Amino acid sequence: MAARSPWFWPSGWASEVPRGSPAARPTRPAVEEPACPSDLGEYPDLESVPYGGSEPLVPEGAVEITACEVPGTGSSPAGLSGPRVLTLGVSDIVRVINSLPSYQTGLGVRSPQPSGDARELRCTAVYRDHELAFVLRYPDRQPVTVYTDVNCRVAVSDGRGRGLDTALLTTFFDRYRTQLVARTPPESVPTPTCAGSIPTSRLRLTPDRSGLDDRISVDNPGQSPQLPTRLVAVTACRYEVGDSAARLTGQRSEWMDAAEALRPTVNAAFDRARTTTCGGYPGYPPPTAFDALLVADATGATAEFWLRRAPCPALISGKRTGVRPSDALVAAIDGLLGPPGR
């Protein structure tokens with residue numbers, strides 16, 4: 001009788017296994033690298049997405065989140081910021097995403113739509129040149145993208161939608177700035193320097209002006225407070241304005257504690273109730289005298305502020321409407337540069 005194979009199934013049938021051949025194992029698809037959407041054409045149709053529900057919008061276990069500024073149709077990505085990759089406090093962002101309200105909300109108001117119909121999106125008519133998408137990376141699964149739309153106040157992922165809470169944006173950027181501070185040695189932050197002259201035409205507050213440089217607001221979209229991170233260096237600059245150019249007449253820099261002491265004063269000065277049309281459209285004359293305040297914070301980002309002194313006072317930042325400068329801020333700048341006219 002022929003010898004039996006030593007391999008048997010419980011039923012008694014023999015099964016030969018060729019020697020030297022490894023047992024077949026299921027293969028797991030390779031995990032893709034996270035990638036930002038290239039434009040808003042990659043966004044899902046917000047009207048067709050079902051909203052509501054309490055199940056998690058994204059899986060737990062993400063190890064990295066990238067915030068992507070996705071350009072709108074016809075807009076240029078040249079002026080947008082690159083991807084911000086967050087590895088610190090990622091679980092905090094996942095919790096915020098999964099606790100987003102079921103439906104659209106008002107600004108800071110967590111309540112369902114009055115109609116009760118999650119498909120009736122209420123969207124503003126304001127044009128935005130970009131929206132934010134968040135791409136989550138996992139060690140053992142494919143990336144997950146959360147598409148946000150500020151106009152419609154919604155967040156969508158994997159064919160499901162929720163209302164958008166501003167806590168998602170503020171928490172992400174708070175954590176991102178903290179990460180930048182941890183990775184930026186204070187001594188590596190350059191001290192801002194005054195321009196020797198500025199064309200007088202640039203001082204006119206016309207509607208199409210380029211605005212002041214403000215890299216701090218890039219990672220602080222809410223701008224409340226205006227300066228959210230401790231300051232490392234400040235430079236105050238004083239100018240006299242001529243027919244064609246404003247000429248630098250004085251400057252002074254402060255560092256670390258002395259620079260940080262100025263931050264609460266700047267933040268307090270940007271009170272929206274104090275807006276002013278001084279120097280604005282349609283008159284927009286240039287100032288005859290003004291000071292500039294240049295600041296660098298612990299993330300390495302910088303911002304510029306203009307204090308128009310005469311013929312009327314106004315504090316300018318970015319492309320925002322000017323505000324009436326506070327007495328405390330005027331006194332602080334005069335403390336650095338001395339009283340005007342000296």
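Numbering starts at 1 and runs along the sequence shown. Computed from a predicted structure; not experimentally measured.
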For V85, the other hydrophobic cluster members (4.5 Å side-chain criterion, sorted by chain and number) are none

Verify, without hydrogens or angle tests, whether T276 (side chain) and R324 (backbone) share a donor-acceptor contact under 3.5 angstrom. no

Hits for side-chain contact (heavy atoms from CB on, under 4.5 Å) against P225, two or more places apart or cross-chain, chain-then-number order -> P228, N267

Next on the checklist: Between N98 and L57 (side chain of the first, backbone of the second, donor and acceptor by atom type, cut-off under 3.5 Å), is there such a pair?
Outcome noted: yes

Applied to residues 326-335, the salt bridge (Lys or Arg N to Asp or Glu O under 4.0 Å) test, sequence neighbours excluded, yields R238-D334, R309-D334

- request: Report yes if the side chains of V154 and R162 come closer than 4.5 Å at any heavy-atom pair, otherwise no.
  value: no

Please list every donor-acceptor pair under 3.5 Å in which a side-chain atom of residues 181-190 meets a protein atom from a residue at least two apart or in another chain.
residue : atom : partner : partner atom : Å
R183    : NH2  : T87     : OG1          : 2.8
T184    : OG1  : L180    : O            : 2.6
S188    : OG   : P185    : O            : 2.6

**Asked** Are more than 12 heavy atoms from other residues, nucleotides or ligands located less than 6.0 Å from atom CG of D45?
**Response** yes

Applied to residues 170-199, the ring-ring contact (aromatic ring centres under 6.0 Å, His included) test, sequence neighbours excluded, yields F134-F172

**Asked** Hey, are the side chains of V295 and T302 touching, using non-hydrogen atoms and a 4.5 Å cut-off?
**Response** no

Exercise. Measure the shortest side-chain to side-chain distance between T200 and D243 over non-hydrogen atoms and say whether it is less than 4.5 angstrom.
Key: no

Is there a side-chain contact between T66 and C36 in this structure, where contact means two heavy atoms from C-beta onward sitting under 4.5 Å apart?
yes

Residue pairs meeting salt bridge (Lys or Arg N to Asp or Glu O under 4.0 Å), one or both in residues 222-237, sequence neighbours left out, come to none

Can you find a heavy atom in the side chain of P313 that is under 4.5 Å from one in the side chain of V330? no

Quick note, ring-ring contact (aromatic ring centres under 6.0 Å, His included) partners involving residues 204-231, not counting sequence neighbours, are none

Tightest non-hydrogen contact, residues L100 and A155, listed as CD1-CB, 3.7 Å

Requested in this report: Quick one: do T193 and Q251 satisfy side-chain contact (heavy atoms from CB on, under 4.5 Å)? Show the steps, please.
Outcome: CA-CA 9 Å; T193 57; Q251 60 184 310; 5.7 Å; no

Exercise for the section: Report yes if the side chains of V94 and E60 come closer than 4.5 Å at any heavy-atom pair, otherwise no. Expected result: yes

Rounding to 0.5 Å, atoms CD (E260) and CG (L227) come to a distance of 9.0 Å

ring-ring contact (aromatic ring centres under 6.0 Å, His included) pairs touching residues 136-169, sequence neighbours excluded, are Y43-Y147

- Query: Hey, mind stepping through E69 and R84 against salt bridge (charged side-chain N to carboxylate O under 4.0 Å, His left out) and telling me if it holds?
  - Reply: CA-CA 9 Å; E69 291 189 359; R84 285 91 143 191; 2.9 Å; yes

By side-chain contact (heavy atoms from CB on, under 4.5 Å), S326 pairs with (sequence neighbours left out) A269, R274, A328, L329

Within a strict 4.5 Å, meaning less than it, do heavy atoms of the R137 and V63 side chains meet? yes

In short, S217 meets Q223 closest at the heavy-atom pair CB-NE2, 3.2 Å

Does the D297 side chain pair with the main chain of A301, one donor and one acceptor, at a distance under 3.5 Å?
yes

Nearest heavy-atom contact between R141 and P59 is NH1-CG, 3.6 Å

Besides L203, the hydrophobic cluster formed by Ile, Leu, Val, Met, Phe, Trp and Tyr side chains linked at under 4.5 Å, directly or via other members, contains I198, L205, L212, Y239, V241, L248, F290, W306, I316

Sorted by chain and number, sequence neighbours left out, side-chain contact (heavy atoms from CB on, under 4.5 Å) with P143 holds for E32, P34, V135

Say whether V266 and L294 are linked into one hydrophobic cluster, either directly or through other cluster members, by side-chain heavy-atom distances under 4.5 angstrom.
no

Output for pair (D92 CG, L86 CG), nearest 0.5 Å, gives 9.0 Å

Under the 3.5 angstrom rule, does the side chain of S157 hit a backbone N or O of V146 as a donor-acceptor pair? no

Ion pair check, R160 and E55, cut-off under 4.0 Å:
yes

Here the gap from S91 atom OG to R175 atom CZ, rounded to the nearest 0.5 Å, amounts to 9.0 Å

Q.
Using a 3.5 Å distance criterion without hydrogens, assess whether the side chain of E304 forms a donor-acceptor pair with backbone atoms of L293.
A. no

Value for OG1 (T299) from CZ (R215), rounded to nearest 0.5 Å, stands at 10.5 Å

Backbone of V150 reached by a side-chain donor or acceptor of E131 within 3.5 Å: yes

So disulfide bond (SG atoms under 2.5 Å apart) across residues 167-218, not counting sequence neighbours, yields C194-C237

Note: T145 and A133 closest approach over all heavy atoms is CG2-CB, 4.3 Å

Legend entry - Audit row: V232, W255, side-chain contact (heavy atoms from CB on, under 4.5 Å) steps and yes/no: CA-CA 6 Å; V232 172; W255 298 270; 5.8 Å; no

The reported gap from CD in Q226 to OG in S317 (rounded to nearest 0.5 angstrom) is 4.5 Å

Legend entry - Heavy-atom donor-acceptor pair, S197 side chain to A245 backbone, under 3.5 Å: no

Decide side-chain contact (heavy atoms from CB on, under 4.5 Å) for V90 and L136; before the verdict, give the C-alpha distance in whole Å, the side-chain angles of both, and the deciding distance to 0.1 Å.
-> CA-CA 9 Å; V90 172; L136 286 68; over 6 Å; no

dist L262:CG -> I333:CD1 (nearest 0.5 Å) comes out at 7.0 Å

Would you say V218 and L168 are hydrophobically clustered, going by side-chain heavy atoms of ILVMFWY under 4.5 Å? no

